[in-house]
Structure formats: C-alpha cells, structure tokens
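Written out below as structure tokens is the structure these notes cover.
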Number of protein chains: 2
Amino acid sequence: MNEIFLLQTGQYNINVPGKVGTPHISEQIYQILELLFISTFWLLQLVYYIGESIYLKIYKPAPKSVEGEIVLITGTGHGIGKQLALQYAGAGATVVGWDINKENNDETIKEINQRFKNKAYGYICNVANRENVLETAKKVQEDVGDVTIFIANAGIMPCHLLEEHSANEIQRIIDINVMQIFWLLEAFLPSMKKNNYGHIVGISSIAGLGGFPNLVPYCASKFAVRGLLESLHEELRTDKKCNIKTTTVFPYMVDTGLCKNPRIKFDLFMKMIQPEEVAECVMMAQRREELLVSIPGYLINLQNFVRLCPPKAQMKLIDLLDSGIDSDLIREPVKN
Amino acid sequence: MNEIFLLQTGQYNINVPGKVGTPHISEQIYQILELLFISTFWLLQLVYYIGESIYLKIYKPAPKSVEGEIVLITGTGHGIGKQLALQYAGAGATVVGWDINKENNDETIKEINQRFKNKAYGYICNVANRENVLETAKKVQEDVGDVTIFIANAGIMPCHLLEEHSANEIQRIIDINVMQIFWLLEAFLPSMKKNNYGHIVGISSIAGLGGFPNLVPYCASKFAVRGLLESLHEELRTDKKCNIKTTTVFPYMVDTGLCKNPRIKFDLFMKMIQPEEVAECVMMAQRREELLVSIPGYLINLQNFVRLCPPKAQMKLIDLLDSGIDSDLIREPVKN
C-alpha cells in the first residue's frame, strides 16, 4: 500500500525560465542586479515596518470618530450585527440596519432610538437577492443619504457533513455569505468612489483561515470573503489617492446560536466569544483602519506561522488541540 | 488627516477567558499542564516532519501508477485541461473529458484515441449547472464506470475592475469556478465513499493565495477553492480509514489565453508557465498524493513567509515586484 506523502510544495521544481525565449544576457544581468537591489531595500523596509508595528501595538492609535458617518450593517436582528448596531449608535453614528427578520430588526432599531439621540433606520432585506439589495440601497439613499461605512455581517453556518448539505443549502451559504458583498459593493461602491470616502468591512471567520470538518461550504464562503476583500484592497490602492478603506475580521467561535455544538478541549484558553466582544473588536478595527484583525488577535499570526510547517505537522497540531464544531444534526450534543 | 494604520492583528487583545464561567482552579492547572505537554510533544513531531519533508524533497517518492483509474477532467477542450487529458491517457488512465465546447472537446478525445490504445470518452457539460453535472455524471457511470479521480479544472478569468464586471459575469465566475466542485462532489463523492477509494483535485491559482487588482471575483472564487478542499480534506480524515485523497494546485500565470495582458517585471524569474508544464505538475502531485502544490514550487512557501510580515511591508514587496494582470478591456495591451 502506498504511504501518504503530504509534502507541501516544491517536491519537484519546474524550470520556469526556458522554452518561451529567455531574455538577452545583458537583460538577464540587469534583472538579477535589480532583484538583488530591491530585495535588500525591502529587507530594510521590513525592519522599519516591524518596528512600527511593535510601536503601534504599544502606543495604540486613537480610534477615529464615527460621528456623521452613515453605517450600514447587515444582520442587525441578532448576534454580532445587533451589537454592532448598538455600539455604532452609541459612538454617535447614524445606523442603518438590514435584516431579513422584520420583528428582530424592529426591536434593535427601537432599542437604539430609545437609548440614543441619533436616529436609526431599519429595512427588511434578503442580502442574497441582488435586486432586493439594490432596491433597498436606493431607499436608504433617499431616506438617509450616502452610506459611508458598510459591514457585511449577515451570514449562515449550517454545520454537518458535506453530503448532508442539500444543494439548496450550499447555494444559500454562498449566496448569503459571499454574493451579499458583491451586491453591496455594486450598490455602495459607486457613491464611495464619487465622494472618495468610505470603509468596507467584511466578517470572515476562523473558518476563513483554515479548513474544518462539518463546514465545507461555510469554509469555502469565508475563504472567499478573505480573497474578495484582499483583492479589492489591492485594486483600490492602485489609485494612490483613493480614500476607501477595507477591514476583514476573522472571529473565533462566537456564542450567537449559529455555533450549536462547539467542541473545545482547552476552554481555559479558547473559550467561545460573546457577540458584544466581537462587535467591539470590529468597530475598533474599523475606527483604527486596520486591514486584517482576528479575534482573539493572536489567531491570524498563529495560523500564518503554522502554515509554514509541513502539512503532516499541521494536522498533528489540529489533532492535539482537538477543537471544532460537531454536527448540528446530532440530536443530543456530545459533551466532553 | 488620519494616517493609515495597517497593523495586522493583536492591536488590542480581547480577554477571551472570563465572563462565561471560568473553569475550576484544579481544572485550570490541569489544562495548563496538558497544553505545555502537548506543545512540547508537537515541537518534537515538528522536528521529525521537517526532517521527513527534507528527505522526501531529495528522495522523491515514485509516483503511483494511474493504470486502471477512471480520470474525469473538466475543461478538456483547451489549455491545462487538454494537456491533462493527453498526459493521463499517456500514463495509461481511462480519460473522461468534459467541456462546454463540443468541437474543441471532440478534438482532444480524437487525439487521445489516435495516439493511445486506452479509449477516452468525451461529454458536453456546463459545469456551472447542477442538473447538467448530475445528468452527465450518470451517463459516465453507465458508459465508463465509477470515476476514481476527478480534476475540477474548468474555469473562467475575466480581468477588469470590479465595477466593470457585470452581475452576470460575477455570478458565472462563482458558478463555474466554485459551484462546479460542489456539484462534482455531489455526483462522485458517494461512489468514492462506497468504494473507499478516490482522489479529488482542485485547481486554485496564485490568485487563491493572495489578492490581485482586476481579479476581485476571480480571487474570491480561487480562495473559495482552497477553503473548500482544505475543509473537505479535514472532514475526510476524521474517518481514519478513509482512503480518499485531495490535492489543491496553485499555478502562477499560465499561458492558456485566459491571461491576456500579463505584466511581469522580472520575467527572468517569473515567466508565464506553459499548460504542458502545469499539467505535468498536477499529475505528478496527484500521483505522489501531495496535499498542496504551487507551480513553481517555492510560491506557496514564499507566500506563507510574506504573510508573517506586517501588512505595509507586504504591500511594499508587491509594489516592488510590480507584476500582475492588466485589464482585458484595454484595447491595446500595455507593453513594458
């Protein structure tokens, strides 16, 4: 029987130069020298930016004000979205809350309008439906004005084996978690570009940093959110004068009801997070104009480090930590 | 004006333990000791697996035979798919080629049947359409038998600013590049599980490792491919006896016609790759049961390393390397 050879990359190297006309020898020497120069220059920059990031970790920049901002949040009927709506309203922003569930959403909006002096606006919208997003966006423009910050927060997380997902369920995961952002961008990016001002926030997940059993379509959707925002950020910054920011957030398991059967071995270190805490981190990351933030903060760097290890070592670590989410189809949740 | 603070993660730490009942002190001590023990044990394993991966880089394992395998490849009318079909047929596998373009696909199948003794089968299929995939899969089962290897290769890559993508175009990118794999899995995973034998190959991209301008929906789709296969691999290996493998491939820019206006500063080191070379790497990675492979091999480790740097340093490096794909809407391609 064949042993499994899970070697990451480079087991054989393809000879990239060759075949399609190699550059002239003088051009080759020039390219080698330029690459050497650039590499040295970049290493110096790297040292500087490492220093800067350590400095900024100690002396955190003050979060910018959100007064006067019109903040659209999807999924405000519940969980992280509701907390985001409350916290942004508390910080002085005009909140526009979208949800597919009228009753829950009305409650959030009512709570804001009772507690804070700045008015909040609620709309019913199915973010998976492009026409619905564009129509609702038009209403928001008429009622409230140009949205300056949007947070694509609404999401679903069915959790079971891939073959237990119905086709319709898979399609909904992609439509809600991913296509939502495309339709929101279609609706709001033009006015942000016109005003050269705006901030786009996407909520990915720990499942957008690594793969998990029972969450195949969800992981695909949350990886897609990362790729979408990372390429959008690269595209926006090709225009040096562009003042539209992006922030992608990767929360660990959050106690919102989506995560029904968590299995956490080291709950002293890796306890489920409360939606209030996530909302606070999201708002602070946006107000500090951070590009990427995981909750807790060490998660993304830990994951970047682990990715450098051979795949077999990565799998051993996953097995030793023995944490994840059990199927939501199990009637009696398995308890340790 | 506000400076941009693009600090990655950890600018503020959320105090994860707390609030929701901390474990008893004896339990806390036990968890700390267990985590210390596990960490030490894992570091030893890490050293072993690093050694193993160096050994396997030098003494490459022999690729396993594909004789007797039924290999389904999508997008066999053209580019990498066509080369994969020819190379798998050359290596003795029974090839099943799917394409939406009948004429091109017929040509590939004809070429195989002329050059090799093992028969190849061609089918017209729109992989974005679930019903079409399931129907065609049923025909393959009747005509050829159980597919033992499938390579989800068909893909599209429109290349222009996000707002220049039509809604229909964005939907097609997701449907072809991502949903294809879900429908192929719906069609073929059950028989692979029944026989406890199979191999699933996904073609991601360098655009599945990092974001690029002009490719926002494409990057989202290729990140999704990575997340899908990574979580599927994790799910499959929860069953220790499972003998179904996965391989994800991340090619650099390939000279297939998809990539119309490449912009490559250091073409001595980063030349476009020919589809023949990519096909060879894909087949060898599958036959050596590698989990992840980039083409060229160093790409994925380079990218993993760069991800550890502060985001500003990452962006500086991207700017210095100055490579990517210009818009395909530019009538006269920009040449250096």
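Values below: every heavy atom of this structure, side chains too, minus hydrogens, waters and symmetry copies. Proteins come first, then strands; the chains are lettered A, B, ... in the order of their sequence lines, and each starts at number 1.
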Side chain from CB out, backbone as N, CA, C, O: work out which of these in [X] comes under 4.5 Å of a heavy atom of chain B, or both, or neither.
{"X": "Ile174(A)", "result": "side chain"}
{"X": "Pro190(A)", "result": "neither"}
{"X": "Phe41(A)", "result": "side chain"}
{"X": "Leu185(A)", "result": "side chain"}
{"X": "Leu320(A)", "result": "both"}
{"X": "Ile181(A)", "result": "neither"}
{"X": "Phe182(A)", "result": "side chain"}

Listed partners of Arg130(B) passing side-chain hydrogen bond (donor to acceptor under 3.5 Å, both in side chains), at least two apart
Glu186(B)

Results of side-chain hydrogen bond (donor to acceptor under 3.5 Å, both in side chains) for Asn214(A) - residues two or more places apart only
none

Residue that, paired with Tyr49(B), satisfies side chain to side chain contact (heavy atoms under 4.5 Å, CB included) out of Lys316(A), Gln314(A), Met315(A):
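Only match with Tyr49(B) under side chain to side chain contact (heavy atoms under 4.5 Å, CB included): Lys316(A).
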
Starting from the C-alpha separation in whole Å, work towards a yes-or-no answer on side chain to side chain contact (heavy atoms under 4.5 Å, CB included) for Leu291(B) and Lys312(A).
CA-CA 10 Å; Leu291(B) 189 59; Lys312(A) 271 188 187 174; over 6 Å; no

Considering only heavy atoms, which portion of Leu46(B) lies under 4.5 Å from any heavy atom of chain A: side chain, backbone, both, or neither?
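Looking at Leu46(B), backbone and side chain both touch chain A.
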
Among the listed options [options], the residue most often paired with chain A at heavy-atom distances under 4.5 Å:
{"options": "Arg237(B), Glu234(B), Gln171(B), Met179(B)", "result": "Arg237(B)"}
{"options": "Leu232(B), Leu161(B), Leu189(B)", "result": "Leu161(B)"}
{"options": "Leu228(B), Ile50(B), Val178(B)", "result": "Leu228(B)"}

Heavy-atom pair with the smallest gap, counting every atom of [X] and [Y]:
{"X": "Cys219(B)", "Y": "Ser231(A)", "result": "CB-OG, 3.5 Å"}
{"X": "Leu308(A)", "Y": "Leu308(B)", "result": "CD1-CD1, 3.2 Å"}
{"X": "Cys309(A)", "Y": "Trp42(B)", "result": "SG-CH2, 3.9 Å"}

Taking the side chain from Glu235(A) and the backbone from Leu162(B), do they hold a donor-acceptor pair closer than 3.5 Å?
yes

Under a 4.0 Å threshold between the charged nitrogen and the carboxylate oxygen, would Glu230(A) count as salt-bridged to Lys222(B)?
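Salt bridge: no.
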
Which distance, rounded to the nearest 0.5 Å, do you find between the CG of Leu321(B) and the CD1 of Ile38(A)?
7.0 Å

For the interface with chain B, which of Pro217(A), Ala207(A), Ser39(A), Gly324(A) has the highest count of heavy-atom pairs at distances below 4.5 Å?
Pro217(A)

Arg307(A) and Gln303(B), any side-chain heavy atoms less than 4.5 Å apart
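Gln303(B) vs Arg307(A): side chains apart.
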
